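Worksheet: the structure to be examined is printed underneath.
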Amino acid sequence: MSTFNFEDHPHRRYNPLTGEWLLVSPHRAKRPWQGQTEKNEEEKRPSYDPGDYLGPGNTRVGGHQNPDYKDTFVFTNDFAALMKDVPEGGFEKGLLKASSERGICKVVCFSPRLDITLPEMEVEDIRKVVDLWSEQFEELSKVDYINYVQIFENKGQMMGCSNPHPHGQIWAQKDIPNEPMKESIQQLKYFKEHGRSLLSDYLAQEMEEKVRIIAENDHFVVLSPFWAVWPFETMIISKRHFQNILQMTEEEKDAYAEMLKIITTKYDNIFETSFPYSAGIHQSPTDGEAHEEWHFHMHFYPPLLRSATVKKFMVGYEMLGMPQRDITPETSAERIRSMSDVHYKAGK
């Protein structure tokens with residue numbers, strides 16, 4: 001039998017942030033593709049459309065009129081998944097258990113323009129988005145029943161985005177959601193054992209090996225995590241150990257905006273398409289505890305696999321057994337790293 005290596009042989013990888021394993025099958029990347037392909041709906045949009053319900057000055061479906069905003073704009077979601085005024089209640093009978101949940105859902109418009117996305121915005125305009133995220137995190141964290149604030153973006157119809165206007169969302173709620181809870185447990189365990197943050201030590205190892213690093217500046221690193229599940233999955237990790245966006249310095253906010261610009265631009269350049277993804281910030285809960293174990297980071301989960309029209313699906317074994325991927329993080333990191341930092345449309 002030949003010598004084992006990560007690029008040819010199936011193996012498992014451990015995710016220390018969640019305590020879970022995944023299966024990597026790199027040899028499968030060589031198989032021909034005869035599965036489903038998605039329609040590539042690369043379309044030209046005007047900078048303004050009176051029918052765009054997120055546009056400045058336009059009327060939303062619920063009847064509210066947007067202000068004539070010039071950069072960013074935030075409002076409470078007209079069709080929120082969570083509600084402020086929910087009475088305390090629940091049900092428990094044997095294995096059947098349920099409880100009421102309160103929360104606040106916001107929509108964050110990144111720009112008044114309909115025809116651009118984050119990678120097409122200037123860094124200084126992305127910085128305004130970062131500032132708005134920070135303001136909203138601070139405001140929502142002060143609500144007495146809010147214990148976690150999830151900032152995220154679904155980009156593209158493939159990820160279920162219902163409006164093409166560049167925007168993200170913020171869901172703040174009473175209970176800590178599943179994924180941040182897993183990361184809380186794992187980070188706290190590591191911090192108690194080592195007196196350092198899990199991601200500080202992980203990042204130090206990645207910086208030494210270099211193979212999965214995609215980009216970095218003085219304050220942040222973009223990498224494809226060793227345990228990545230999605231084909232071009234990445235993380236932005238702060239070099240300094242801090243817990244949440246309110247603890248960023250002005251220089252770190254600038255650097256963070258720069259990293260957002262770089263990784264989203266590289267994504268679009270891979271297949272010369274507006275690259276879909278779900279992305280979100282993971283940071284400390286807002287339950288009044290210090291949470292020294294938490295280390296600020298952001299996840300990007302993009303579904304494209306081989307082209308702008310071939311999507312990765314989570315099915316079969318991945319739903320019933322464990323997550324599985326074909327392209328190794330090392331291969332995808334090299335692919336993303338090689339992409340230009342200049343958006344492909346700028347050259348046309």
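Since the structure is predicted, the reported quantities are computational estimates derived from the model, not experimental observations.
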message = Side-chain heavy atoms nearer than 4.5 Å, only ILVMFWY residues, links allowed to pass through others: does that put Phe110 and Leu114 together?
response = no

message = Checking Glu20 against Tyr14: is there a side-chain donor and acceptor pair closer than 3.5 Å?
response = no

message = Would you say Gln186 and Thr18 are linked by a side-chain donor-acceptor pair, where the criterion is simply a distance under 3.5 Å?
response = no

message = Using a strict threshold of under 4.0 Å (side-chain N to carboxylate O), is an ion pair present between Arg212 and Glu209?
response = yes

Nearest non-hydrogen partners of Ala81 and Trp171, listed with the distance = CB-CH2, 3.5 Å

task = Salt-bridge test for Lys266 and Glu272: reply yes if a basic N is under 4.0 Å from a carboxylate O, no otherwise.
result = no

query = Does Glu101 reach the main-chain N or O of Asp175 with its side chain, forming a donor-acceptor pair under 3.5 Å?
reply = yes

ask   = Counting N and O atoms only, with roles assigned by atom type, does the side chain of Asn66 sit under 3.5 Å from a partner on the main chain of Gly55, one being a donor and the other an acceptor?
value = yes

request  = Can you label the angle between the His297 ring and the Trp294 ring as parallel, tilted or perpendicular, going by 30° and 60°?
outcome  = parallel

ask   = Does a side-chain N-to-carboxylate-O contact under 4.0 Å join Asp201 and Arg196?
value = yes

ask   = Is Asp125 paired with Lys128 through a side-chain N to carboxylate O contact shorter than 4.0 Å?
value = yes

Tyr267 and Thr234 side chains, donor-acceptor separation under 3.5 Å = yes

request  = Compute the ring centroids of Phe152 and Trp133, then answer whether they are less than 6.0 Å apart.
outcome  = no

query = Within the side chain of His167, is there an N or O that forms a donor-acceptor pair under 3.5 Å with the backbone of His165?
reply = yes

query = Is the closest basic N to carboxylate O distance between Asp268 and Lys155 below 4.0 Å?
reply = yes

key: CD (Gln205) with more than 12 external heavy atoms under 6.0 Å   = no

task = Would you check, one step at a time, whether the test salt bridge (charged side-chain N to carboxylate O under 4.0 Å, His left out) holds for Asp78 with Arg60?
result = CA-CA 8 Å; Asp78 299 318; Arg60 302 200 301 274; 2.6 Å; yes

ask   = If only atom types and distance count, is the side chain of Glu233 paired as donor or acceptor with the main-chain N or O of Trp230 below 3.5 Å?
value = yes

ask   = Angle class for the His299/His282 ring planes (parallel below 30°, perpendicular above 60°, tilted otherwise)?
value = perpendicular

ask   = Asn154 and Ser278: side-chain donor and acceptor closer than 3.5 Å?
value = yes

message = For Val107, is there any backbone N or O sitting under 3.5 Å from a side-chain donor or acceptor partner on Asn77?
response = no

key: Aromatic ring proximity Phe73/Phe75, centre distance under 6.0 Å   = yes

ask   = For the residue pair Met121 and Ile116, what are the closest heavy atoms and their distance?
value = CG-CD1, 3.5 Å

request  = Identify whether NZ of Lys or CZ of Arg in Arg13 sits under 6.0 Å from the centre of the six-membered ring of Phe226 and within 45° of that ring's axis.
outcome  = yes

ask   = Got a donor-acceptor contact below 3.5 angstrom from the Thr264 side chain to the Leu260 backbone?
value = yes

request  = Please work out which of the three classes, parallel, tilted or perpendicular, describes the rings of Tyr256 and Phe296, given edges at 30° and 60°.
outcome  = perpendicular

query = Quick one: do the His241 and Gln243 side chains pair a donor with an acceptor below 3.5 Å?
reply = yes

key: Expected output: side-chain Asn244 to main-chain Ser284 donor-acceptor under 3.5 Å   = no

key: His219 and Ser238 side chains, donor-acceptor separation under 3.5 Å   = no

query = Any side-chain donor-acceptor pair under 3.5 Å between Tyr148 and Asp287?
reply = no

task = Give a yes or no on whether a salt bridge exists between Glu216 and Lys239, defined as a side-chain N under 4.0 angstrom from a carboxylate O.
result = yes

query = Between Asp131 and Arg127, does at least one N-O distance fall below 4.0 Å, as a salt bridge requires?
reply = yes

Note: Lys182-Glu179 ion pair, threshold 4.0 Å (strictly below) = yes

message = Do Ile237 and Ile213 sit in one hydrophobic cluster, given that two such residues count as connected whenever their side-chain heavy atoms are within less than 4.5 Å of each other, even indirectly?
response = yes

request  = Answer with yes or no whether the hydrophobic clustering places Leu82 together with Ile104; edges join I, L, V, M, F, W, Y residues whose side-chain heavy atoms lie under 4.5 Å apart.
outcome  = no

task = Please answer: with hydrophobic residues joined when any side-chain heavy atoms are less than 4.5 Å apart, are Ile176 and Leu188 in the same cluster?
result = no

query = Would you say the side chains of Ser141 and Glu138 form a donor-acceptor pair under 3.5 Å?
reply = no

request  = Indicate yes or no for a side-chain donor-acceptor contact from Ser100 to the backbone of Gly89 under 3.5 Å, with no hydrogens or angles considered.
outcome  = yes

message = Hydrogens and angles aside, do Lys106 and Gln169 bring a side-chain donor and acceptor to less than 3.5 Å of each other?
response = no

